[in-house]
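What follows is a short report on a single structure.
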Amino acid sequence: MFERPASGERAVLVQLDLGQGAIDERLSELKLLTGSAGASVEAVVQGRRAAPDPKLFAGSGKVQEIAEALRAHAADIVIFNHALSPGQQRNLERELQCMVIDRTALILDIFAQRARSHEGKLQVELAQLEHLATRLVRGWTHLERQKGGIGLRGPGEKQLETDRRLLGNRVKMLKSRLAQIEKQRKVRRRARERRDVLSVSLVGYTNAGKSTLFNALTKAGAYAADQLFATLDTTSRRLYVGGASVVLSDTVGFIRDLPHALVAAFQATLEETAQADLLLHVVDSASEDRDAQIEAVNLVLAEIGAAAVPQILVWNKIDLTHAAPAVERGDCDKIRRVFLSARTGEGLDLLRDALAEVAQQTFGDDADRIAGTVDERSEQS
């Protein structure tokens, strides 16, 4: 039976042009993801194919090129910026004699490193187990050791079958725990709805500046860094704008080709976004790829049922583009876009005014009355 090679931290990246476009941006993003996971990029192998090779994804000639890059740079892991089937991954590891992971596994690894809350850790573990369930090749013997191997296996049960059974039990337990946490969240959500508090969620591409904006508005001190997926756990704080009460939630950043396993595992958390009254869609205005990033975020929002939630585009990082703080309105005089810099504070007052305007439109004359009676304690989910 095939034994998986040990993982490493010196990586060879593989990016193939399959006609999807934006290759340079995709490769740049892969490098950032690799660095976020703690690995160093030693070499990059690129190529073009009409379609993936069924056996090796990249084809035998390109795999030989990858092997040469591994030897030349003493690298010990290969990272594909694509989704590999379990068979392709096993075949590549046999050919290259090193660990091979795909884009999904790389993102899952970053999420595993960044999760801090109990719920976040459970969600990430569930996503990892469901992704790896079809890739069991003597890779789960540690599960058997956790519960003691002697007397555990039934008559004629193979190690692989034992691993699958143990993994299935763990998945079932994780789903049960997450269901309990979701019940608690629904209770808190109903309490907010009864108080008629405006619910606002920050969404956007990873590293667009959501957490920096969240801190600038709420003084929450949430972790913010110039890296992909710096924030995983949803954090909520109350703030007051124009006499109205708003609950602002900072959520996980999105990314193109976000693994479906992650979307499914974080479904309960992302439902907070779908239930929001307003989405502040934070955009890195300094990025040349911003239009594609906006599209990627909107695709994920549609997948979680939040496509119909009203949005205001927050054109962040104007300090890098030298644009002026401004508010852009669309049809029916509704606010469409706010230009600001979360880092310097330019334009933040415009965003606060925009939130106050939305609250007034949502609750009308009740907004002033609600502001005087709501609990001033901040809350964190």
Side-chain angles (χ1 to χ4, degrees), residues 1-16 18 30 33-34 37-39 41-47 49-112 124-146 149 153 157-168 170-171 257 259-262 264-265:
M1 185 177 290
F2 175 61
E3 289 275 11
R4 294 201 69 189
S7 184
E9 296 182 349
R10 297 171 59 84
V12 171
L13 309 186
V14 180
Q15 171 70 66
L16 300 183
L18 301 173
L30 178 62
L33 286 170
T34 302
V41 177
E42 302 300 326
V44 175
V45 175
Q46 294 183 265
R49 290 185 63 89
D53 179 72
K55 181 179 179 181
L56 296 171
F57 192 90
S60 57
K62 189 60 64 176
V63 170
Q64 182 61 36
E65 183 179 340
I66 297 170
E68 292 172 358
L70 283 167
R71 290 192 295 269
H73 297 276
D76 45 21
I77 185 171
V78 174
I79 303 175
F80 275 72
N81 199 20
H82 309 274
L84 300 175
S85 71
Q88 288 168 337
Q89 183 178 359
R90 287 194 293 269
N91 292 335
L92 285 165
E93 289 182 341
R94 285 192 181 97
E95 291 288 331
L96 299 172
Q97 290 299 301
C98 74
M99 176 167 278
V100 177
I101 64 172
D102 62 3
R103 178 185 175 86
T104 299
L106 177 62
I107 294 175
L108 286 171
D109 183 81
I110 297 171
F111 271 55
V124 172
E125 183 180 357
L126 176 61
Q128 285 181 312
L129 294 182
E130 293 189 328
H131 173 67
L132 294 170
T134 58
R135 300 162 194 262
L136 288 175
V137 187
R138 295 192 69 181
W140 291 94
T141 52
H142 64 284
L143 292 178
E144 175 262 327
R145 288 197 298 271
Q146 287 177 359
R153 289 186 286 274
E157 186 173 20
K158 297 180 180 179
Q159 180 65 60
L160 186 60
E161 294 167 342
T162 300
D163 291 343
R164 282 177 174 155
R165 177 164 52 81
L166 291 168
L167 186 146
R170 180 68 178 171
V171 167
D257 303 324
H260 290 291
L262 273 178

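Just the heavy atoms: all of them, side chains too, but no hydrogens, waters or symmetry mates, feed the values below.
The distance from atom CD1 of Ile79 to atom CG of Leu13, rounded to the nearest 0.5 Å, is 5.5 Å. Separating the CG atom in Leu56 from the CG atom in Asn91 is a distance of 6.0 Å, to the nearest 0.5 Å. Atom CD1 of Ile77 and atom CG of Leu96 lie 11.5 Å apart (nearest 0.5 Å). Here CD1 of Ile107 is found 9.0 Å from CG of Asp102. Values are rounded to the nearest 0.5 Å. Rounding to the nearest 0.5 Å gives a distance of 10.0 Å between CD of Gln64 and CD1 of Ile66.
Not one N or O on the side chain of Arg49 forms a donor-acceptor pair closer than 3.5 Å with the backbone of Leu16. Checking side-chain atoms of Arg10 against main-chain N and O of Ala74 turns up a donor-acceptor pair under 3.5 Å. Distance alone, capped at 3.5 Å, is enough to place a donor-acceptor pair between the Gln89 side chain and the Val100 backbone.
Residues Leu33 and Arg103 approach most closely at CD1-NH1, 3.9 Å, considering heavy atoms. For the pair Ala43 and His73, the tightest heavy-atom approach, listed with the atom from each and the gap, is CB-CD2, 3.6 Å. Shown here for Gly59 and Asp53, the closest heavy-atom pair between the two residues is N-CB, 3.6 Å. Contact detail for Ala51 and Leu18: the closest heavy-atom pair is C-CD2, 4.3 Å. Between Arg170 and Glu125 the shortest heavy-atom distance is NE-OE2, 2.6 Å. The two atoms that bring Asp76 and Glu9 nearest to each other are OD1-N, 3.1 Å, heavy atoms only.
For residues 55-69, the salt bridge (Lys or Arg N to Asp or Glu O under 4.0 Å) pairs, not counting sequence neighbours, are Lys62-Glu65.
Remark: Asp109 pairs with Gln113 by the side-chain hydrogen bond (donor to acceptor under 3.5 Å, both in side chains) rule, at least two apart or across chains. For the side-chain contact (heavy atoms from CB on, under 4.5 Å) test, residues two or more places apart in sequence or in another chain that qualify with Gln88 are Phe57, Leu84, Ser85. Residues satisfying the side-chain hydrogen bond (donor to acceptor under 3.5 Å, both in side chains) test with Gln15, not counting sequence neighbours, are Asn81.
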Could you please spell out the steps behind the side-chain contact (heavy atoms from CB on, under 4.5 Å) verdict for Val41 and Leu30? CA-CA 10 Å; Val41 177; Leu30 178 62; over 6 Å; no
